[in-house]
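Notes to accompany the following structure.
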Amino acid sequence: MDEPMSDAVITRFAPSPTGFLHIGGARTALFNWLFARATGGKMLLRIEDTDRQRSTPEAISAILDGLSWLGLNWDGDTIYQFARAERHRQVAHDMLARGRAYRCYATAAELDEMRERATAEGRPPRYDGRWRDRDPAEAPAGVEPVIRLKAERDGETIVDDIVQGRVVIPNKDLDDLVLLRSDGNPTYMHAVVVDDHDMNVTHIIRGVDHLTNAARQIQIYRALDWVVPQMAHIPLIHGADGAKLSKRHGALGVDAYRAMGYLPEALRNYLVRLGWSHGDDEIFSTEDMTRLFTLPAIGKSAARFDVAKLENVNGHYIRTTGNEQLLETIEQALPHLPAGPAFLAAWTDEFRRRFLKALPGLKERAKTLNDLLDMASFMVAPRPLRPDEKAARLLDSDGRDRLSAIVPVLESISPFDAATIEARLKSHVETTGMKLGQIAQPLRAALTGRAMSPGIFDVLEALGQSESLARIKDQAA
RNA sequence: GCUCCCGUCGUCUAGUGGUUAGGACACCAGCCUUUCACGUUGGGUACACGGGUUCGAAUCCCGUCGGGAGCGCCA
């Protein structure tokens with residue numbers, strides 16, 4: 001190991017563009033990003049598109065979009081693995097020349113049979129190495145060979161992992177993996193090693209599902225006499241029921257979380273706590289995370305994805321974000337939210353101003369941006385409102401009478417702001433010997449169509465005097 | 001089947017031989033209150049099981065059970 005100690009940290013996030021950026025991938029990216037930030041290093045992005053059939057441009061842009069939305073920026077240009085195929089071929093042929101790899105002419109049918117027999121005999125399904133030492137002169141005509149690694153057969157391979165510790169894999173359980181396919185294109189296993197080396201990656205941070213791959217890749221490094229990067233295999237995220245998070249099982253793309261009204265900083269905060277901890281701390285600003293994050297503090301056991309916790313964290317960030325900033329966040333999110341169109345249609349400067357006034361009352365009650373918009377839907381609801389069941393009950397004859405009685409009071413209020421309205425309404429309530437709730441609830445029902453809403457004085461102000469009166473008259477009649 | 005990894009409240013976790021096993025989310029109850037939230041006070045709930053080692057184990061060892069991952073010319 002002649003790795004210079006002065007080397008700056010270089011991590012990489014290496015997704016395969018066969019689908020969206022799911023929550024597990026997002027966390028892997030986050031950990032890579034945090035570690036790079038925490039150490040003053042760099043995070044590179046490499047798209048693993050050597051599977052030409054399954055890689056799509058749509059998936060690539062979804063991944064890039066997802067990372068950008070999450071605020072996980074990468075250093076340098078995005079690297080596309082397939083573009084480096086020539087280099088991969090060159091390395092494989094070099095290994096061939098040095099006797100560390102060999103051509104294998106086994107057919108797919110032979111391979112299948114090999115696996116079937118091994119399974120039947122209770123052995124692990126492995127390639128048996130039949131072309132390992134065979135004379136290429138015996139090669140059957142018309143079969144394009146693959147190039148396989150001449151793997152070590154005895155002993156064991158040790159993965160010295162920052163998270164998993166020292167993991168020992170018997171070499172007999174590793175077979176001669178394919179480096180180059182018969183069409184001359186590299187396999188993932190080979191491309192990863194060559195690229196990580198060429199990109200000077202110092203730390204490989206990825207899911208534990210790659211742990212046994214790590215042993216195979218280490219053998220390739222050794223065949224190449226290359227320095228093996230540090231590795232950190234992080235635990236996976238499971239669904240709420242403990243089952244693996246798969247596409248059909250709750251593993252949504254990060255774009256789905258954006259559409260559900262989660263804030264990127266909330267998602268980051270939630271995600272970083274899945275597997276990583278820092279004492280009893282729960283809330284971490286981005287600055288906190290990048291300062292405190294370390295690899296050894298990552299646990300080894302898988303975590304379940306808990307929406308309730310995510311919602312709580314999200315609510316925390318909604319509540320604590322400044323009004324003007326939150327408003328800008330909402331404006332940016334609107335195109336992605338289900339309720340977006342209704343608000344976009346109403347979004348004039350005047351509306352924006354009133355929305356901002358209503359925001360403090362709104363954000364206190366929302367766990368997601370969608371909650372917030374739902375709570376604010378009275379602002380864009382067309383007259384006459386159709387009260388829901390509970391609201392309708394508040395608008396019985398007593399309630400309507402009280403509303404009628406309040407109309408002249410409201411008409412006389414100027415300026416029509418929350419503080420003035422509150423003062424006038426409270427004195428009205430006092431003189432009539434009622435409780436505030438007796439007037440507030442019917443008002444709420446008439447103004448919002450619901451039995452719950454932000455503070456009623458704020459609602460009045462947000463709606464404005466004429467709209468408020470109109471809504472009250474709609475119901476009081 | 002084989003190899004590897006994991007196992008503290010329902011969930012995320014703190015804990016590294018001596019703690020009344022802590023925090024957070026969720027849940028229940030009270031307070032606050034114009035509703036709902038927020039806030040606040042209090043409450044119940046956990047060391048998978050069985051053996052060791054030790055004066056003493058959530059912490060160390062072994063086994064069992066449970067969960068997960070990997071075993072492709074996918075990544």
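Below, chain A is the first sequence line, B the second, and so on; all start at residue 1. All values derive from a computational prediction rather than experimental measurement.
Under the Watson-Crick or G-U wobble criterion, with both distances below 3.5 Å, B:G1 is paired with B:C71. Pairing for B:G66 goes to B:C6, judged as Watson-Crick or G-U wobble with the two contacts each under 3.5 Å. Pair assignment for B:U54 gives none, since no Watson-Crick or G-U wobble pairing has each distance under 3.5 Å. The base-pairing partner of B:U33, taking Watson-Crick or G-U wobble contacts with both distances under 3.5 Å, does not exist among the strands shown. In this structure B:A24 sits in a base pair with B:U11, meeting the Watson-Crick or G-U test at under 3.5 Å.
Here A:N213 lies in heavy-atom contact (under 4.0 Å) with a base. Contact annotation for A:R52: no contact, since no heavy-atom pair falls under 4.0 Å across all strands. Across all strands, A:R148 comes closer than 4.0 Å only to sugar-phosphate atoms, never to a base (heavy-atom distances). Within 4.0 Å of A:A106, counting heavy atoms only, lies at least one base atom of the nucleic acid. The residue A:P15 sits apart from the nucleic acid: no heavy atom pair falls under 4.0 Å. Residue A:A303 is classed as a sugar-phosphate contact, given heavy-atom separations below 4.0 Å to backbone atoms only. Using a 4.0 Å heavy-atom cutoff across all strands shown, A:F457 reaches at least one base atom of the nucleic acid. As judged by a 4.0 angstrom heavy-atom cut-off over every strand, A:M189 is placed among the base-contacting residues. Counting non-hydrogen atoms under 4.0 angstrom, A:V178 reaches the backbone sugars and phosphates but no base. Residue A:G455 is in base contact, counting any heavy-atom pair closer than 4.0 Å across all strands shown. Here A:V168 lies in heavy-atom contact (under 4.0 Å) with sugar-phosphate atoms only. Within 4.0 Å (heavy atoms only), A:R115 reaches sugar-phosphate atoms of the nucleic acid but no base atom. Among the heavy atoms of the strands lying under 4.0 Å from A:E364 is at least one base atom, whether or not backbone atoms are also near.
For a distance-only test at 3.5 Å, the side chain of A:S453 fails to qualify as a donor-acceptor partner of the base of B:C36. At a cut-off of 3.5 angstrom, counting only N and O atoms as typed in the model, there is no donor on one side facing an acceptor on the other between the side-chain of A:R304 and the base of B:U11. For a distance-only test at 3.5 Å, the side chain of A:R365 qualifies as a donor-acceptor partner of the base of B:C36.
A side-chain donor from one of A:S285 and A:D288 sits under 3.5 Å from a side-chain acceptor of the other. At a cut-off of 3.5 Å, with distance as the only test, a side-chain donor of A:H88 or A:D195 sits close to an acceptor on the other residue. Counting only N and O atoms by type, the side chains of A:Q219 and A:T157 include a donor and acceptor under 3.5 Å apart. Side-chain atoms of A:R450 and A:S377 include a donor-acceptor pair closer than 3.5 Å.
Between A:R319 and the phosphate of B:G39, there is a side-chain N or O to OP1/OP2 separation shorter than 4.0 Å. Close to B:A75, at under 4.0 Å from its OP1 or OP2, lies a side-chain N or O of A:T50.
For A:F457 and A:F416, the distance between ring centers is not under 6.0 angstrom. A:F284 and A:W276 have their aromatic ring centers within a separation under 6.0 angstrom.
Between the P atom of B:C5 and the CD1 atom of A:I234 lies a distance of 18 Å, rounded to the nearest Å. At whole-Å resolution of the value, CZ in A:R126 and P in B:C4 are 12 Å apart. Here B:U11 presents its C1' atom at 14 Å from CD1 of A:I237, a figure rounded to the nearest Å. Between the CZ atom of A:R450 and the C1' atom of B:A37 there is a distance of 14 Å, rounded to whole Å. Here the C1' atom of nucleotide B:C5 and the NE2 atom of A:H233 are 12 Å apart, to the nearest Å. The CG atom of A:D176 sits 11 Å away from the P atom of B:C73 (whole-angstrom rounding). Atom OH of A:Y188 and atom C1' of B:G70 are 12 Å apart (whole Å). The distance between atom NZ of A:K300 and atom C1' of B:C4, rounded to the nearest whole Å, is 11 Å.
Distance alone, capped at 3.5 Å, is enough to place a donor-acceptor pair between the A:D176 side chain and the A:A151 backbone. One N or O on the side chain of A:T448 and one on the backbone of A:R444 form a donor-acceptor pair closer than 3.5 Å. A:N269 contributes a side-chain N or O that, together with a main-chain N or O of A:E282, makes up a donor-acceptor pair within less than 3.5 Å.
If you run side-chain hydrogen bond (donor to acceptor under 3.5 Å, both in side chains) between A:T286 and each of A:E265, A:R291, A:R268, only A:R268 comes through.
Taking every side-chain heavy atom of A:S182 into account, B:C73 is the closest of B:G1, B:C73, B:A75. Distances from the side chain of A:S277 to the nucleotides B:A75, B:U13, B:C38 place B:U13 closest.
Rounded to the nearest Å, the gap between the C1' atom of B:U33 and that of B:A24 is 26 Å. Comparing the same atom, P, in B:G7 and in B:C62 gives a spacing of 14 Å after rounding to whole Å. Comparing B:A58 with B:U20, their C1' atoms sit 16 Å apart, to the nearest whole Å. Distance check on atom P: B:U53 versus B:C4 gives 28 Å, rounded to whole Å. Atom name C1', nucleotides B:U64 and B:U41: the rounded distance is 45 Å, in whole Å. When the C1' atom is compared between B:G72 and B:G15, the two are found 43 Å apart, to the nearest whole Å. Straight-line distance between the P atoms of B:U13 and B:C71: roughly 25 Å, to the nearest whole Å. The same atom, C1', is picked in B:A48 and in B:U35; the two are 46 Å apart, to the nearest Å.
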For this session: Carefully, step by step, assess A:H238 and A:F305 under the rule ring-ring contact (aromatic ring centres under 6.0 Å, His included).
Result: CA-CA 6 Å; A:H238 290 169; A:F305 190 80; over 10 Å; no

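The nearest heavy atom of RNA chain B to A:I169 and to A:L274 marks one nucleotide each, and the one closer to the 5' end goes with A:I169.
Under the 30°/60° scheme for interplanar angles, the aromatic rings of A:Y188 and A:H210 are found to be tilted. Aromatic ring pairs are classed by plane angle as parallel below 30°, tilted from 30° to 60° and perpendicular above 60°; the pair A:F31 and A:F293 is tilted.
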Problem set entry | Protein proximity profile, nucleotides 59-69 of chain B - base contact B, sugar-phosphate-only contact S, no contact -, cut-off 4.0 Å on heavy atoms | ---------SS

What N/O pairs connect the protein and nucleotides 20-26 of chain B at under 3.5 Å? Give each pair on its own line.
unit_1	atom_1	unit_2	atom_2	d
B:G22	N2	A:D280	OD1	2.6
B:G23	N2	A:E282	OE2	2.7
B:C25	O3'	A:N312	ND2	3.2

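Here A:F13 pairs with nothing under the ring pair (Phe, Tyr, Trp, His ring centres under 6.0 Å) rule; sequence neighbours left out.
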